[in-house]
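Reckoned from all heavy atoms, side chains included, excluding hydrogens, waters and symmetry mates. Since this is a predicted model, take the numbers as computed values, not measurements. Read the numbers this way: they start at 1 and go in the same order the structure lists the ligands and their atoms.
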Amino acid sequence: MSDVKPFVLDFDLVSGFCTSGKVKPTQRRVSDMVAQFANETAARAMVEGGDPLLYEFYGLDLPEDDSGVLQFGTTILYPGKVGEEYFMTKGHFHTILDTSEIYYGLSGHGMMLMETPEGQVDWKEIGPGEALYVPGRWAHRSINTGTEPLVMFFVYRGDAGHDYGTIEEKGYRKLVVERDGKPAVIDNPKW
Ligand code: S6P
Ligand code: ZN
């Protein structure tokens, strides 16, 4: 068991930021995930045009090898599109595949796109006051389908680990795009 002492952290309920600055978020820009977007040409043009920030998320300095630890923080995903595809997170499986995760919507509106290695696919809308359960084995990607930052609090088993490789190689089976001004879930033509 790890020797972590009790502590308190502040996360703003609307912005999602730790306003005291006790912890710092990791940032991902379009340049960090050009190949993950269906329209890579549009992604490259955005990189050249200033490389916008897609999202920020907190990871705490907690032991990563202890199944008793809970990792937690917020994800702040900005609104926007690359081509017709909404801004999204990279998405990942947990390395310990059967570990689950809880997300709680604080502000903004979006979707969680999920799939299993066996090819089950699901997506759920998430907004303020809604708790979303991502079961073990389900890869998860957050997508901002709204016009404000999508802010969610998350908790997962601290030794779960992140497997990004599978998604980076093959992508998701589905994409979330804007059609007629509304979000639509379509087949990924690259799959
Ligand atoms: C970790 C949890 C979140 C994501 C964050 C960024 O298990 O799901 O903290 O790390 O939303 O997404 P990604 O796919 O870049 O890690
Ligand atoms: Zn996760």
Next on the checklist: Give me the residue, atom name and distance of the protein heavy atom closest to atom 9 (O) of ligand 1.
Outcome noted: F154 CZ, 3.0 Å

Next on the checklist: Judged on heavy-atom distance to atom 5 (C) of ligand 1, which of T75, L54, D32 sits nearest?
Outcome noted: T75

Checklist entry - For the Zn ion (ligand 2), does an N/O/S atom of H94 lie at less than 2.8 Å? => result yes

Checklist entry - Should the ring pair H92 and H162 be called parallel, tilted or perpendicular, given that the plane angle runs from 0 to 90° and is split at 30 and 60? => result perpendicular

Next on the checklist: Check contact between Q71 and ligand 1, using heavy atoms of the residue and a distance below 4.0 angstrom.
Outcome noted: no

Item to check | K90: numbered ligand 1 atoms lying under 4.0 Å from its heavy atoms | outcome: 14 (O), 15 (O)

Checklist entry - Among protein heavy atoms, which lies nearest atom 8 (O) of ligand 1, and at what distance? => result Y103 OH, 2.5 Å

Next on the checklist: If the cut-off is 4.0 Å to any non-hydrogen atom of H140, which atoms of ligand 1 fall inside it?
Outcome noted: 8 (O)

Item to check | Identity and separation of the nearest protein heavy atom to atom 12 (O) of ligand 1 | outcome: T89 CB, 3.6 Å

Checklist outcome for this item: For Y55, the ligand 1 atoms with a heavy-atom partner under 4.0 Å come out as 6 (C), 12 (O), 13 (P), 15 (O)

Next on the checklist: Between R141 and E115, is the salt bridge (Lys or Arg N to Asp or Glu O under 4.0 Å) condition met? List the steps.
Outcome noted: CA-CA 9 Å; R141 162 177 285 168; E115 67 178 47; over 6 Å; no

Checklist entry - Quick one: does Y58 get within less than 4.0 Å of ligand 1, heavy atoms only? => result no

Item to check | Polar contact flag for F57 and ligand 1 (N/O pairs, less than 3.5 Å) | outcome: no

Next on the checklist: Looking at ligand 1, would S142 count as a contact under a 4.0 Å heavy-atom criterion?
Outcome noted: no

Next on the checklist: Looking only at N, O or S atoms, which one in E101 sits nearest to the Zn ion (ligand 2)?
Outcome noted: OE1

